[in-house]
Amino acid sequence: MLKILIRSRLRDKKELVISLLSIILASVLMFTVSLVFSSVYGYAIDVYDGYTVIVEGKLEGYDEYLKNGDYYLNFKPSEVYDKTEELCQVHECDKVTYNTKLLSLYGIGESNYLRVIKNILIFVLLIISISVFFIIYNSFRVSFLHRKRDIITMRAIGIDSRNLILISLIERIILSLFGILIGFVLAVLFTNLIILVLNDLLREIIQGKIRIRFNLSFIVISILFILGVSLISAFLAALGLRKYQIMDGFREEGPAQEKINYKIDKNIPIYFALTNFERDRKRYRPLTVSIFILTFLICVFSSFLSYVKYGTSNYVISPDYDVSISSYEDLSYIKKDINVKKMVSFRSCSLESYLDGSYYSVLVTDLGGDEVINRVIDIKEVGEKFERVDNSLFEGPITLGLNGNYYDLVLSDKIPFGFNDKLKAGNLVVNLDEKNFDAVCEVDSYNLILNTESNIDDYLKDKTFSYFNAKKAREITNNLILGINFVLYGMTLLLWMVFLSSVISILSLSMDFRVKYFSLLKSLGFTSFFKVLGYEALNIALRGFIYSVPFIFLADRFLYECAALVFDDTRLILNVHVLVLSFIFNFLVILFIFGVMHKKFFKRSLASNLR
């Protein structure tokens with residue numbers, strides 16, 4: 001029996017490759033998620049590693065661990081509590097401080113971070129498994145349909161349904177093991193690429209570098225999910241073998257057995273397309289579900305990233321300059337050294353003042369005008385939400401005491417270049433004329449705020465003055481968002497590749513069953529086959545699109561509610577353009593595959609198609 005099965009599989013190499021490819025791509029997707037989690041988890045341990053406990057006291061024989069008067073000991077995390085207790089029974093321990101963050105990562109600290117990470121991993125893999133299940137199940141089911149005659153032959157020689165299901169499960173287990181092995185190797189390569197990109201994007205944020213790690217428990221979780229999805233898919237697909245009867249082998253396959261009595265007119269392609277879809281509804285159902293899942297994931301990921309960008313742009317005060325430089329020496333020489341697009345130069349000092357029952361931290365400058373910038377731009381926390389503040393402070397002229405001197409100051413709503421990030425709550429910016437500034441500020445500093453096209457990093461790194469590189473801060477934020485984009489859409493791309501293998505398998509089977517049907521129509525003078533396939537592709541893509549719309553709106557509403565819990569002024573983001581583009585993309589992919597198969601059909605002679 002096994003020999004017959006192996007021979008049939010080797011004879012049908014195309015379906016073997018497609019089934020194996022579905023498992024490989026699903027394995028790559030799940031292993032990549034696990035390896036990324038494992039690598040980030042390993043990086044977190046490296047950041048907090050170095051010691052598991054600090055002991056203050058007198059420990060004889062532990063001088064090599066002595067730093068700044070304390071003993072930094074690195075016991076094995078699982079033994080740290082017992083070892084420390086034994087140590088303190090023998091030696092004098094005044095105070096014991098455990099590295100709680102590191103121990104929590106091992107699941108034995110104040111918090112069980114390990115369990116949290118595993119739960120998140122399981123949740124992500126569960127979502128992916130639901131998506132992958134329909135695609136793998138469909139590839140298995142299509143494979144059995146392609147081998148229907150072989151299966152009926154095995155039934156004819158006495159193999160019952162139970163043994164057929166058992167043989168099919170053994171075949172799928174072997175195929176799954178090969179797919180998992182190949183998928184793991186490819187996942188390692190793909191994860192290395194992801195880590196390489198993340199290290200480059202986040203080099204200014206993280207300490208050191210992320211390295212690929214192989215956490216056994218994370219990998220085992222992935223293997224269990226992959227095997228579970230493959231076996232359940234194989235079992236459910238194999239159950240369909242019970243309905244195959246011996247007499248089915250003598251019946252004509254597909255729609256060619258139906259009578260053809262159509263009046264050829266302009267509406268006939270639409271009629272054929274709808275008839276073909278209804279006839280192949282069961283075969284197309286997994287394809288429709290796959291389109292629904294992909295459209296849903298792409299739109300939800302897009303909405304999530306939109307909320308990330310919205311939060312970043314609206315609840316992070318981004319300076320309007322590239323670099324802010326401060327020094328106690330004159331900085332006028334800098335504008336000669338670099339290419340300056342826009343610049344403001346001033347002296348400043350910081351003071352405190354009391355006004356209307358409140359203390360203010362006052363930044364005094366010599367920009368002139370004897371004025372207060374009457375504006376506050378800040379992000380403050382109200383309860384559990386963040387609220388953006390952008391409003392006037394005072395309604396009329398004020399008198400402000402500065403270093404024992406009192407000045408009648410006018411109010412200005414105009415914000416000078418480079419000052420938008422200095423107008424926080426509790427702060428005042430006062431611009432005095434040079435004479436008044438010298439009277440107020442006993443010690444002052446020189447300041448430059450500028451925009452430049454020069455490579456400011458190389459220029460600043462060897463300087464002694466203090467500076468803030470706002471341009472680099474913006475790049476870091478953008479790189480962080482780009483890294484999130486890369487990971488999310490990289491996973492979606494892998495899922496799309498699994499989906500593509502399933503689409504090819506389904507459409508190939510559908511076309512194979514309709515070869516004689518199309519040939520008979522061709523012999524009757526019908527030539528609009530590509531129109532039929534175009535309407536059919538539109539029907540399939542449109543159904544997946546319609547099914548996904550309500551779920552996408554529900555997911556967008558959920559993301560909105562989550563964002564509203566954090567940000568005070570939150571708007572509902574609906575990426576309708578992404579939804580429309582995903583529909584067009586899915587339609588074009590299906591149409592392209594139909595087109596390739598249509599071309600292949602017309603390359604063969606009418607006589608060979610009718611055999």
Side-chain angles (χ1 to χ4, degrees), residues 2-3 5-42 118 121-122 124-144 147 166-196 211-238 487 490-502 504-505:
L2 196 56
K3 286 183 179 179
L5 184 69
I6 293 171
R7 285 175 185 172
S8 70
R9 290 307 282 149
L10 293 176
R11 186 167 62 250
D12 197 0
K13 292 179 181 178
K14 185 176 74 172
E15 287 309 311
L16 175 66
V17 170
I18 290 176
S19 297
L20 184 61
L21 186 62
S22 297
I23 298 172
I24 289 172
L25 292 174
S27 301
V28 170
L29 182 60
M30 291 193 184
F31 277 130
T32 300
V33 171
S34 291
L35 290 174
V36 169
F37 268 77
S38 178
S39 301
V40 173
Y41 173 70
K118 283 184 178 179
L121 174 61
I122 290 171
V124 173
L125 290 178
L126 183 62
I127 297 298
I128 295 173
S129 297
I130 294 171
S131 306
V132 167
F133 167 78
F134 291 100
I135 299 172
I136 293 181
Y137 164 74
N138 180 63
S139 69
F140 287 173
R141 186 169 172 271
V142 169
S143 176
F144 290 140
R147 292 184 294 150
L166 181 61
I167 292 170
S168 300
L169 284 176
I170 293 172
E171 172 200 336
R172 293 299 152 178
I173 290 172
I174 295 172
L175 201 64
S176 297
L177 291 175
F178 272 108
I180 289 171
L181 182 61
I182 298 170
F184 181 76
V185 174
L186 294 176
V188 172
L189 298 176
F190 189 63
T191 304
N192 273 313
L193 174 63
I194 290 176
I195 291 174
L196 183 67
R211 295 181 291 112
I212 188 168
R213 304 295 180 89
F214 300 93
N215 186 290
L216 183 60
S217 61
F218 291 1
I219 294 172
V220 168
I221 290 172
S222 289
I223 292 174
L224 291 176
F225 268 98
I226 298 167
L227 280 176
V229 169
S230 299
L231 292 179
I232 294 171
S233 303
F235 179 73
L236 293 177
V487 173
M491 299 304 173
T492 307
L493 177 63
L494 281 176
L495 189 60
W496 182 82
M497 292 173 68
V498 182
F499 156 75
L500 187 62
S501 67
S502 177
I504 294 172
S505 180

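Since this is a predicted model, take the numbers as computed values, not measurements.
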For Leu177, side-chain contact (heavy atoms from CB on, under 4.5 Å) partners two or more places apart: Ile173, Leu227
From Thr32 atom OG1 to Ile194 atom CD1, the distance as rounded to the nearest 0.5 Å: 5.5 Å
Just distance, no hydrogens or angles: give the donor-acceptor pairs under 3.5 Å from side chains in residues 179-192, sequence neighbours left out.
residue: Thr191; atom: OG1; partner: Ala187; partner atom: O; Å: 2.6
residue: Asn192; atom: ND2; partner: Val188; partner atom: O; Å: 3.1

Partners of Ser38 by side-chain contact (heavy atoms from CB on, under 4.5 Å), sequence neighbours excluded? Arg213, Asn215, Phe218
Enclosure of Phe178 CZ (heavy-atom neighbours >12, cutoff 6.0 Å): no
Taking all heavy atoms of Arg211 and all of Ile195, pick out the closest pair and write down the distance. C-CD1, 4.0 Å
